[in-house]
Amino acid sequence: MDTKPDSYYQGTRDEMLRFMPDDAATVLEIGCGEGNFGCRLKERGAREVWGVELVESVGQRAQRVLDRVLIGDIADLTDQLPADYFDLVVCNDVLEHMVDPFTVLARLKGKISRRGVVVSSIPNIRYYPTFHEVLVHGQWEYVESGVLDRTHLRFFTKKSIRNMYERLGYEILLHEGINPMPERPAMYRLANTILRGKLSDMQWVQFVTVARPAAATPAPPSADQA
């Protein structure tokens, strides 16, 4: 299994806090790391924070600070989660690491309370610096972190993220980019102007989505169909 430096599991993801509902009492964080983000949510008023962490040593550290932590692959652990329980399910840059995030999201719907939402951050493969390397230089090199993290198994765009949620029977409440390019190159600005803003999504490293299970839920697609 690929390993990451300890710092990878210690992030607080402060830029994600503004997307979290203030009144969420019960929280589930998929890929909770050492539990630092969950601790921030407890400081903001969450009564109970659960975590799921794939790496055992990291999950054991999270168990010291969160209310309950399941260690292992969320794809194998959803049956251990209570039904209709969580006001908030957090997926901070974790769905792209899964073999089948579609089935996981479909199963998580049954764990969300009537007023609950899922909030995800997902890297944008159309991020301009990454796209430029592929289109202009023919480079697709995996790195330690970022859009082309070597542990990513799935790749998404703004549109494909929206399609995934809607096909799985979620209603999207918010869908927007975060962490923009520090500077927008002249080539990008010109192309975006010529194409009347159709490249605007390429300025964002990730897209945040806030969604809730829709009233009517269609059957989820298989991993091969999604």
Taking the side chain as everything from C-beta on, heavy atoms only, tell me whether P123 gets closer than 4.5 Å to D93.
yes
Can you list every side-chain hydrogen bond (donor to acceptor under 3.5 Å, both in side chains) pair that touches residues 122-132, not counting sequence neighbours?
R126-D201
Sequence neighbours excluded, which residues qualify as side-chain hydrogen bond (donor to acceptor under 3.5 Å, both in side chains) partners of E171?
R212
Is D84 paired with K111 through a side-chain N to carboxylate O contact shorter than 4.0 Å?
no
Test side-chain hydrogen bond (donor to acceptor under 3.5 Å, both in side chains) applied to T78 - qualifying residues, sequence neighbours left out
none
For E29, enumerate each residue passing the side-chain hydrogen bond (donor to acceptor under 3.5 Å, both in side chains) test, keeping only those at least two apart in sequence or located in another chain.
none
Residues in side-chain hydrogen bond (donor to acceptor under 3.5 Å, both in side chains) contact with D23, at least two apart in sequence or another chain:
R115
Without swapping roles, check the side chain of H175 against the backbone of K158 for a donor-acceptor pair under 3.5 Å.
yes
Test ring pair (Phe, Tyr, Trp, His ring centres under 6.0 Å) applied to F155 - qualifying residues, sequence neighbours left out:
W140
S160 side chain to T157 backbone, donor-acceptor under 3.5 Å
yes
State which residues pass side chain to side chain contact (heavy atoms under 4.5 Å, CB included) with D67; sequence neighbours excluded, sorted by chain then number.
K42, E48, V49
For L174, side chain to side chain contact (heavy atoms under 4.5 Å, CB included) partners two or more places apart:
F19, E176, V208, V210
With sequence neighbours excluded, what pairs up with I194 under the side chain to side chain contact (heavy atoms under 4.5 Å, CB included) test?
L190
Residues two or more places apart in sequence or in another chain: which of them pass side chain to side chain contact (heavy atoms under 4.5 Å, CB included) with R64?
R61
Return each pair, listed once, that meets side-chain hydrogen bond (donor to acceptor under 3.5 Å, both in side chains) where at least one residue sits in residues 183-193; pairs must be two or more places apart or across chains.
N192-S200
By ring pair (Phe, Tyr, Trp, His ring centres under 6.0 Å), F156 pairs with (sequence neighbours left out) none
